[in-house]
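A short write-up of the structure that comes next.
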Amino acid sequence: MTPSFEETFSRLTEPQREAVLHVDGPLLVLAGPGSGKTRVITCRVANLIRQGVRPSQILAITFTNKAAGEMRQRVDAMLPGQRLWISTFHALGVRLLRQYADRLGLDKNFTIYDQADRLRVVKLCLDSAAMDVSRFTPDAIQGAISKAKNQLQTPDVYARSATDYFKQIVAQVYEVYEKKMRDQNALDFDDLLLWPALALKNDAELRAELDARFRYVLIDEYQDTNKAQYAIARGLSVDYPNLCVVGDPDQSVYRWRGSDIRNILDFERDFPQARVIRLEQNFRSTKAILRVADHLIAHNEDRKPKTLFTANDEGSKVGVLLCENGLEEADAVVARIKSAVEAGQRHYRDFAILMRLNALSRSLETAFVRQRVPFQMVRGVAFFERKENRDILAYLRLLLNPRDDISFLRVVNEPARGIGKTSLQHLQAYAEPREMSLLTAAEQVDKIPAIKGKASLGLKNFARLLTELREVLDATPDEVMRQVIDRSGYRRMLKESAEPDDQERLANVEELVTAAHQFHEEDNSRTISDFLENITLASDVDGFDEKQDCVAVMTLHAAKGLEFPVVYMIANEQGILPHERSMKEKAELEEERRLAFVGMTRAEEELYLSYARMREFRGQTLYAVPSMFLEELPHDGVETIDLSSSANRGSGAAASWRSQSAGASQGWYETGFTSSKKPAPRTVDPNASDLDYEVGTMVHHDVYGVGRITDISGHGVMRKLKIRFSTGERNFLASKAKLSIVQG
DNA sequence: ATCCAGTACGTTTTT
DNA sequence: CGTACTGGAT
C-alpha cells in the first residue's frame, strides 16, 4: 500500500530531496502547512538506514502517540522489520526514567499523575501545611508550579527568584509538593521532561552515553517544544550533533503550555553550522484556501515572512456562514454535511468540524444525534476521566504503587466501607509523622486508637483486599481489572443501585475492561502497568479513527497535523476565537491567529467559517461580535452566506433584535429558542435510537427479560427509559441499553 | 458516616 | 447553565 522509498523519492521536489538526503550535522526544516513534511521525515529516516545508520541509533520525536504510530508504520512499509525509537517526548521521558531509575534515585514503579491528580496533591499540601492561601486558588498554584518546571526551575531555584507574594507562596507549596510527590513515588507530566533534562545536564556520563546511543535525533513540531524539551534535544546532540528539527513557527500554538517559539527561531544561532531548508510548496489545499490563510497569518508582526504557494486548483471560495445562534449554527453545519453526503458528493469521513473550545461540542452533539449523522468527538481521554473509570484505574494504580496516597484516598471508601472524613484524618495524622503511606497505615489500623468500630474494620478489609488483589497482578490486564471490579464490590454497588445513571456507569466500566483486553490483544507482552501508562500519556487525537466513516469533531489544537477535504470552523467570534483571555497581550493574540491559521490550513478542497449572531454563555444568551480574524481575510477571497433565520424569514427582525436592550433579549431567551428547560416538542426531536419507544411499549432486555416502559425522559443520547420488569423497575439510556421491542 | 440541599464559582487550548 | 464543594440534618 505505502509506496517504496524509490517511488516516493522520485516524486519529491528539490528542497524535499535535499532534506531527505541530508545525513550528518544539524538540520532545520521550515515546513509550511501541507508541504509534505511527514513524507520528508519518513523518507529521511529510511535514507539514514540505507546509508548504513543503525536503526537503534535513530530517535524520532513526534507530538502525539498517534503520529508516532503512523510514522512507525510508514517507515516499516519502506524498510520492514527495522526497530527504531519513535515516540513523544513524554513517552521517551518515561522510558528513560524507568530504565535509569536507580541511577536517578527513583523507584521505577512510579505512578504518573495527571492534571487532576496533581491538583489533589496541591490541595493536600495546602491542608497539611495549614497555609492561608485563600487569596489564591489551588489551580493557580498548580499552574505556577507547572510553569516553573517547564522552565527547569527546581523548588530552591524558584524560591530564590520569588519576588512577589504569590510567588513566595508558590515557592513554599512547590517544596512541599515535591516532597509529597517523592513520598508517593509519583511523577507529574512536567517531571517526565524535567527529570531527563536535569539528568542530562548533571550527569555527564549518562549524557554522553545517551548522546552516543541516539546519534541521529529527529524532532517534529519543533515550534512547540518548551525549555525542558529543548534541553533534552540539546543534551543528546553534543558529541553527535545530528539533530534534525522540523516545524513551522506559524503553527506554534502551545505557548500557554510553556512552549517557546524561540527554540525554532534561534536554531541557527544555537547551531551556526546548521543547514536550513524551506518547504513552502503546499500540496494539500486549493489556491483559494491557501491564499485566504496566508493573508490572515500575514497580520502577525512577530514572524519570519514566507511565501506559500501551490500548484493545486483554484477551488471554490472560502465560505463565511452567518447563523442566528449557536444551536442553529450546529444544525446548519450538520445539515449541510448531510446533504452533501446524500447528494453523493462526499463521505462523512471527508468532513471535520473544528472549534476553539470543547464546550462548543454540546450543541454539535445534539445536532448530530437529531439529524442522525454519524460523528466522532475526538476526545479520547474524556472516557477515562469519567468518575467510575478513574476509580477503577485508581485501584490499579494503588496495586502497582502502594505509596500512591492520592489513589488510596480516591477509592478507600468507594464503594462505601464506612470510612469517613474523620477516620481518614486520624489515619493521615498517624501516617504523616511516621513517613508512612496511607495504605501501610491502614494495615496497622489496630495501632491507631482513634479509629475504631466500622471504620477500623473497613480499613482492615480494604488493606486485605489490596493484598489479595496484588496476587493476581500477573494475569492479563483485562483479568486484573475484572478482579478489581468484582472483588472490590464496585460491580455490586453499581448493579444494585437504584440510580438511573449507575447502569450506564457499569457499562462504562465494562468498556474499560474491553479496552484493556484489546490493548493486550494487540501485543500480548503488554501489562496492566503499560495500559495505565498508555492511558495517562494518551492525547486527544490518539483516539481518532479516520477509517470510520463519520464526521470528525475536535478542537483546533487537536487538529494540528491532520487534513480533511472539507473543514468547518465554528464560532468565529470575538471572545471565542480569539479567546477573551488571549486578547490583551499581542503575543497571545498572535497565537490565536496562528490557531486560526492551523485550522484553515487543514482544509484540502472546501473551507467554511461560521459564526452566530447570538451565543449562549453560562446560561445567558448574548450578542456576539464576529471574529476580528474574519475582517482580516481578503474580501474577494470569501463568500458570505447568511443562514440566519431572520434572513430566511425575510423580515427586518434581525435589525430590531439587534437594537433591543438586555431586557428584551431576556424575552427572546424565554421564548424557548435557546436554553429553555422545557423539552422540545417531539415532532422536532426524534429520539436517538432507531427504535421508537413510547410509554407502554413492551420491550425485551437481555438480562431482565420482558418489561413495560413506564416513563421516558431526556433527549438525544441522554434519552432515558424507565422500564418495569417482573423483578422491579429499572432505568436505562435509550441509546445504550440492549433492548428490542416486543411485538403484540 | 452519609446524604442532601444550597451556594459559590467558573470556562480556553493539553502532554 | 453546570459542577464542585460546604454545612446542615439524619
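Small disclaimer: the values here were computed from a predicted structure and weren't measured. Residue numbers begin at 1 in each chain, while the letters A, B, ... track the order of the sequences.
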**Study point:** Under 4.0 angstrom between K123(A) side-chain N/O and dC5(C) OP1 or OP2
**Key:** yes
Check your understanding: What does Q115(A) touch in the nucleic acid at a heavy-atom separation under 4.0 angstrom: a base, only the sugar-phosphate, or nothing?
Key -> base
Review point. Which one, dT15(B), dT13(B), dT11(B), comes nearest to the side chain of W256(A)?
Key: dT13(B)
Check your understanding: Hey, does the Lys NZ or Arg CZ of R95(A) hover above the aromatic six-ring of W85(A), less than 6.0 Å from the centre and inside 45° of the axis?
Key -> yes
Review point. Can K495(A) and D502(A) be counted as an ion pair, charged N to O under 4.0 angstrom?
Key: no
Could you list, one pair per line, each protein nitrogen or oxygen that sits under 3.5 Å from a nitrogen or oxygen of nucleotides 1-6 of chain B, together with the distance?
| residue | atom | partner | partner atom | Å |
| --- | --- | --- | --- | --- |
| dA1(B) | OP1 | G420(A) | N | 3.0 |
| dA1(B) | OP1 | S423(A) | OG | 2.6 |
| dA1(B) | OP2 | T422(A) | OG1 | 2.4 |
| dT2(B) | OP1 | G418(A) | N | 3.3 |
| dT2(B) | OP2 | N413(A) | ND2 | 3.0 |

Check your understanding: What nucleotide, of dT13(B), dT15(B), dG10(B), holds the atom closest to the side chain of L357(A)?
Key -> dT13(B)
Practice item. Check whether NZ of the Lys or CZ of the Arg R593(A) lies under 6.0 Å from the centre of the six-membered ring of F629(A) and within 45 degrees of that ring's axis. Key: no
Review point. Taking atom P of dC1(C) as reference, at what distance in whole Å does atom CZ of R615(A) sit?
Key: 17 Å
Revision key, fill the gap. Assert: residue with more 5' nearest nucleotide on DNA chain B, out of A91(A) and R618(A), is R618(A)
Practice item. Identify whether any heavy atom of N358(A) sits under 4.0 Å from a base atom; if not, whether one sits that close to sugar-phosphate; answer base, sugar-phosphate or nothing. Key: sugar-phosphate
Point to revise | Under the side-chain hydrogen bond (donor to acceptor under 3.5 Å, both in side chains) test, residues paired with N534(A) that sit two or more places apart | key: none
